[in-house]
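A quick write-up on the structure given underneath.
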There are 2 protein chains.
Amino acid sequence: MADNDCRENLITASIPLFAAKGLNGVSVREVAGAAGVNLSMISYYFGGKEGLYAAVLREQFAVLEKLDELEQMDIDTLQKFEWYVRATISRYRKSPYLLRFYTSELTNPTVCFEAIVKPAIKKVVQMLLETFTDGLSHERFREGLNPADTVLALAGMINFYFLLEPATAELVDHAPQRDEELIRHIMDIFTRGILK
Amino acid sequence: MADNDCRENLITASIPLFAAKGLNGVSVREVAGAAGVNLSMISYYFGGKEGLYAAVLREQFAVLEKLDELEQMDIDTLQKFEWYVRATISRYRKSPYLLRFYTSELTNPTVCFEAIVKPAIKKVVQMLLETFTDGLSHERFREGLNPADTVLALAGMINFYFLLEPATAELVDHAPQRDEELIRHIMDIFTRGILK
DNA sequence: GGCTGCAATACAAACGTTTGATTGAGTTTA
DNA sequence: TAAACTCAATCAAACGTTTGTATTGCAGCC
């Protein structure tokens, strides 16, 4: 093996393992075997198993950076929400393990939760809250809406759909071909739900 | 220790442990210590650690049985949905670890997933789908609604609100005092979203 | 009643295995 | 030659399980 293949191989190979079984469910021997790399390389490059896991998590959550764009976009509030829905869904398609790391850390937090996961989630929620508040000033929304409940409802419709897939695959069609229909469906409910 | 205290103590003590750290994150010594019971009692009563975990899961998911009532209720469809929302939220309040076991199994499935968790989830979704189909026949809903997307949207609004609490506690008020407001809020969005 | 035998409950100690981590010497590659 | 990497061996600690023993309560029998 040449160059820095080792480091990359370890990260690539451990993503599906950590995603499926969690930090405690995977042994260093298993990871090293899947990466086709010697066990000692984990300590060599990452200082240990937790270091590798943290590197994986950092890489997975790096894709969230794109969300910053939304603030500068010159479109109306509902279009911003639709952009968020579409971006989130396409992110889950391109990075099929991301939601697993999200929910795994939310339910069984590791050392990485406070440092990596929580700030990432707060950032997204905060961004959605600002978008909503912006929309309020244009008075397009009906009165009595709680900002937090509203944006969490939108986020919940998207995320729960993907979270439930392992249990409802036989009941619900989760095919990517339906994503545009799903986006339209979610935005329909949300729009009718919050507009005057 | 007298009678069958051991067995009960083990289950009671292991619920918060398994919920917080998952099956692999908790050792039998930790569980036995928390239960104030000898380590070997786990194998004695449950045949091993996995058996104890399965017993805990079965107990946690037993509360879902109540949902059967909904089918026989003589109220209109939207009231049924509201009953479901209220029942789900009050269940999460009374059984604060239930959602953890849900999502933990969805993201990092153990041997219990296929036997216990998946059937429980399918049952709920199926029940919601039937409720929705019932409502359709009375033509109260607008056209173009996808049944699965619709009921998952409703379930998502509820569940995601609780799932996100560890990350958004500083941003969103998750106090039980707000539950009725939350129910009204979710039902408002959902009702406006699906009615003609 | 008094005794015996048994099954259930509980405990402490030890078992063999796997864990994550480290080491040091050797091999490859640029 | 220096850096990247392999390989096998080794370590202490933690793991889940099993073993052997002590205690208890109760049924059956004399």
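The basis for the numbers below is simple: all heavy atoms, side chains too, and nothing from hydrogens, waters or symmetry mates.
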Just by modelled atom types, is the B:Q79 backbone N or O under 3.5 Å from a matching donor or acceptor in the B:D76 side chain? yes
Please identify which of these residues, A:F101, A:F162, A:Y161, A:Y97, meets the ring-ring contact (aromatic ring centres under 6.0 Å, His included) condition with A:Y92. A:F162
Scan A:L39 against the nucleic acid and name what it touches under 4.0 Å (heavy atoms): base, sugar-phosphate only, or nothing. base
From OH of A:Y44 across to P of C:dG24 the rounded distance in Å is 15 Å
Between B:N108 and A:A19, what is the shortest heavy-atom contact and its length? ND2-O, 3.1 Å
Please report the distance, rounded to the nearest Å, between CG in B:N38 and P in C:dA12. 6 Å
Does B:Y45 have a side-chain nitrogen or oxygen under 4.0 Å from the phosphate oxygens OP1 or OP2 of C:dA8? no
Rounded to whole Å, please give me the gap between CG in B:D5 and P in C:dA8. 18 Å
Determine whether the aromatic ring centres of residues A:F132 and A:F141 are separated by less than 6.0 angstrom. yes
Looking only at heavy atoms, what is the nearest atom pair of B:V31 and B:L17, with distance? CA-CD1, 4.0 Å
Quickly work out the A:K49 NZ to D:dA13 P distance and round it to whole Å. 19 Å
Is A:V26 touching bases, backbone alone, or none of the nucleic acid, heavy atoms closer than 4.0 Å? sugar-phosphate
In whole angstrom, give the distance that lies between atom CD of A:E50 and atom C1' of C:dG20. 10 Å
Pick the nucleotide of DNA chain C nearest each of B:M41 and A:S43; which residue has the one closer to the 5' end? B:M41
Rounded to whole angstrom units, what separation is found between the CZ atom of B:R7 and the P atom of C:dC11? 16 Å
Distance in angstrom units between B:E30 CD and D:dC15 P, rounded: 8 Å
Given C:dA10, D:dC15, D:dT17, identify the nucleotide with an atom nearest to the side chain of B:V28. D:dT17
Between C:dT17 atom P and B:R29 atom CZ, what is the distance in whole Å? 16 Å
Strictly below 4.0 Å: does B:S40 bring a side-chain N or O up to OP1 or OP2 of D:dT18? no
Checking contacts here: which listed nucleotide (C:dC11, C:dT9, D:dT6) is nearest the side-chain heavy atoms of A:C6? D:dT6
